[in-house]
Amino acid sequence: MAPTLEDVAKPQSMPSGPRNVLRSNDSASLWNCTLSPGWSREESDILRKALMKFGIGNWAKIIDSQCLPGKTNAQMNLQLQRMLGQQSTAEFAGLHIDPLVIGEKNSKIQGSNIKRKNNCIVNTGGKPTRDEIKRRIQQNKQLYEISEEEWNNIKLPKPEDPQLVLESKNEDLRRLQQELESVRAQIANLRRKQQEKVNLQ
């Protein structure tokens, strides 16, 4: 059974010492395999399935499928990096893999030679050659790629009208802005009343 976002272990921020703990003031989105800001669990799961169906980095196909209306390829790429637990995605380009499987593996990698940025493993060596990237893609294909039958059978949600979804989100935003203005007005009113009381004393 494939891991879920909740199942994947969160790596420690440093291999040893007092910072090797999850701190209460840490943002959950800074840890591997967690949501980026602006992503719901449902959207992240849809992205995961879309990556498995269309292949890592095939943003145009994902956008054309309309399964994630309003998401840009940059937003999807950042969420992919969090799922994989590493910044470089080149070694998985085009592969039909479950990014959480890689994320789970990467979350367990510790050591003084492992460097992380926003808790995604970063390459600290030289830039890999094209041949090295091709070799890694082949190796990852053998190790992690799901079967063609499996990726062809993945069903993605498709909103009936993406424009309606976007309009609904915009309406939600307007409603929240109105609620915020109402709360601000209530606070100002309470402060004014409190000041009036002080002035009467």
Side-chain angles (χ1 to χ4, degrees), residues 1-8 10 22-87 89 92-94 96-104 117-120 146 150-196:
M1 185 170 157
T4 65
L5 286 173
E6 290 82 11
D7 296 334
V8 178
K10 293 176 179 148
L22 288 173
R23 295 173 301 281
S24 62
N25 64 345
D26 280 346
S27 167
S29 66
L30 294 178
W31 294 95
N32 284 348
C33 308
T34 61
L35 299 173
S36 297
W39 285 80
S40 68
R41 290 226 177 270
E42 180 184 11
E43 289 172 328
S44 187
D45 190 51
I46 291 168
L47 176 62
R48 174 186 173 213
K49 289 177 183 175
L51 291 163
M52 292 165 68
K53 182 173 186 70
F54 298 118
I56 299 296
N58 284 326
W59 308 124
K61 288 183 180 180
I62 295 172
I63 290 170
D64 288 345
S65 76
Q66 300 178 350
C67 63
L68 289 166
K71 296 294 184 189
T72 66
N73 56 355
Q75 291 169 322
M76 291 186 283
N77 189 52
L78 286 173
Q79 182 62 17
L80 168 63
Q81 289 174 357
R82 282 182 163 82
M83 288 180 186
L84 290 173
Q86 67 183 61
Q87 283 189 326
T89 62
F92 304 106
H96 300 264
I97 62 169
D98 183 344
L100 292 185
V101 170
I102 308 302
E104 183 175 31
K117 180 177 179 184
N118 292 333
N119 289 296
C120 290
I146 61 176
E150 190 175 350
W151 83 60
N152 282 329
N153 287 327
I154 293 173
K155 303 290 183 219
L156 298 171
K158 189 172 184 179
E160 292 180 21
D161 185 352
Q163 188 62 37
L164 290 177
V165 172
L166 291 175
E167 288 172 8
S168 172
K169 287 185 176 192
N170 284 333
E171 183 57 37
D172 289 344
L173 179 59
R174 281 190 291 275
R175 183 183 48 77
L176 289 170
Q177 288 171 333
Q178 288 172 348
E179 287 178 24
L180 178 60
E181 287 305 313
S182 174
V183 168
R184 285 180 177 161
Q186 291 172 14
I187 290 170
N189 190 30
L190 288 171
R191 286 181 177 159
R192 191 180 69 252
K193 287 180 180 180
Q194 189 176 29
Q195 187 62 41
E196 287 172 358

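Numbers for residues simply follow the sequence, beginning at 1.
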Does [atom1] in [X] sit with more than 12 non-hydrogen atoms of other residues, nucleotides or ligands closer than 6.0 Å?
{"X": "Glu179", "atom1": "CD", "value": "yes"}
{"X": "Arg174", "atom1": "CZ", "value": "yes"}
{"X": "Glu196", "atom1": "CD", "value": "yes"}

| Checking side chain to side chain donor-acceptor pair (under 3.5 Å) against Asn189, which of Gln186, Arg191, Arg192 comes through? | Arg192
Any [X] side-chain heavy atom under 4.5 Å of [Y] side chain:
{"X": "Asn118", "Y": "Gln87", "value": "no"}
{"X": "Ile46", "Y": "Pro157", "value": "yes"}
{"X": "Phe54", "Y": "Ile154", "value": "no"}
{"X": "Gln177", "Y": "Leu180", "value": "no"}
{"X": "Ile63", "Y": "Thr72", "value": "no"}
{"X": "Glu181", "Y": "Arg184", "value": "yes"}
{"X": "Trp151", "Y": "Lys49", "value": "no"}

From [X] [atom1] over to [Y] [atom2], what is the distance, rounded to the nearest 0.5 angstrom?
{"X": "Gln195", "Y": "Leu190", "atom1": "CD", "atom2": "CG", "result": "13.0 Å"}
{"X": "Leu84", "Y": "Gln79", "atom1": "CG", "atom2": "CD", "result": "10.0 Å"}
{"X": "Asn153", "Y": "Lys53", "atom1": "CG", "atom2": "NZ", "result": "7.5 Å"}
{"X": "Ser44", "Y": "Arg82", "atom1": "OG", "atom2": "CZ", "result": "10.5 Å"}
{"X": "Leu51", "Y": "Lys61", "atom1": "CG", "atom2": "NZ", "result": "12.5 Å"}
{"X": "Phe92", "Y": "Ile97", "atom1": "CZ", "atom2": "CD1", "result": "5.0 Å"}

Between [X] and [Y] (side chain of the first, backbone of the second, donor and acceptor by atom type, cut-off under 3.5 Å), is there such a pair?
{"X": "Ser65", "Y": "Ile62", "value": "yes"}
{"X": "His96", "Y": "Met52", "value": "yes"}
{"X": "Glu43", "Y": "Ser40", "value": "yes"}

Distance-minimising heavy-atom pair for [X] and [Y]:
{"X": "Gly94", "Y": "Asn58", "answer": "CA-ND2, 4.4 Å"}
{"X": "Leu80", "Y": "Pro99", "answer": "CD1-CB, 4.0 Å"}
{"X": "Gly70", "Y": "Gln75", "answer": "O-OE1, 3.6 Å"}

| task | Check whether NZ of the Lys or CZ of the Arg Lys71 lies under 6.0 Å from the centre of the six-membered ring of Trp39 and within 45 degrees of that ring's axis. | result | yes
| request: Take Thr89 and Gln81 through the test side chain to side chain donor-acceptor pair (under 3.5 Å) and record every step on the way to the result. | output: CA-CA 7 Å; Thr89 62; Gln81 289 174 357; 5.9 Å; no
| message | Applying side-chain contact (heavy atoms from CB on, under 4.5 Å) to Leu68 and Leu47, what does each step give before you reach the verdict? | response | CA-CA 7 Å; Leu68 289 166; Leu47 176 62; 3.8 Å; yes
| field | salt bridge (Lys or Arg N to Asp or Glu O under 4.0 Å) evaluation trace for Asp172 with Lys169 | value | CA-CA 5 Å; Asp172 289 344; Lys169 287 185 176 192; over 6 Å; no
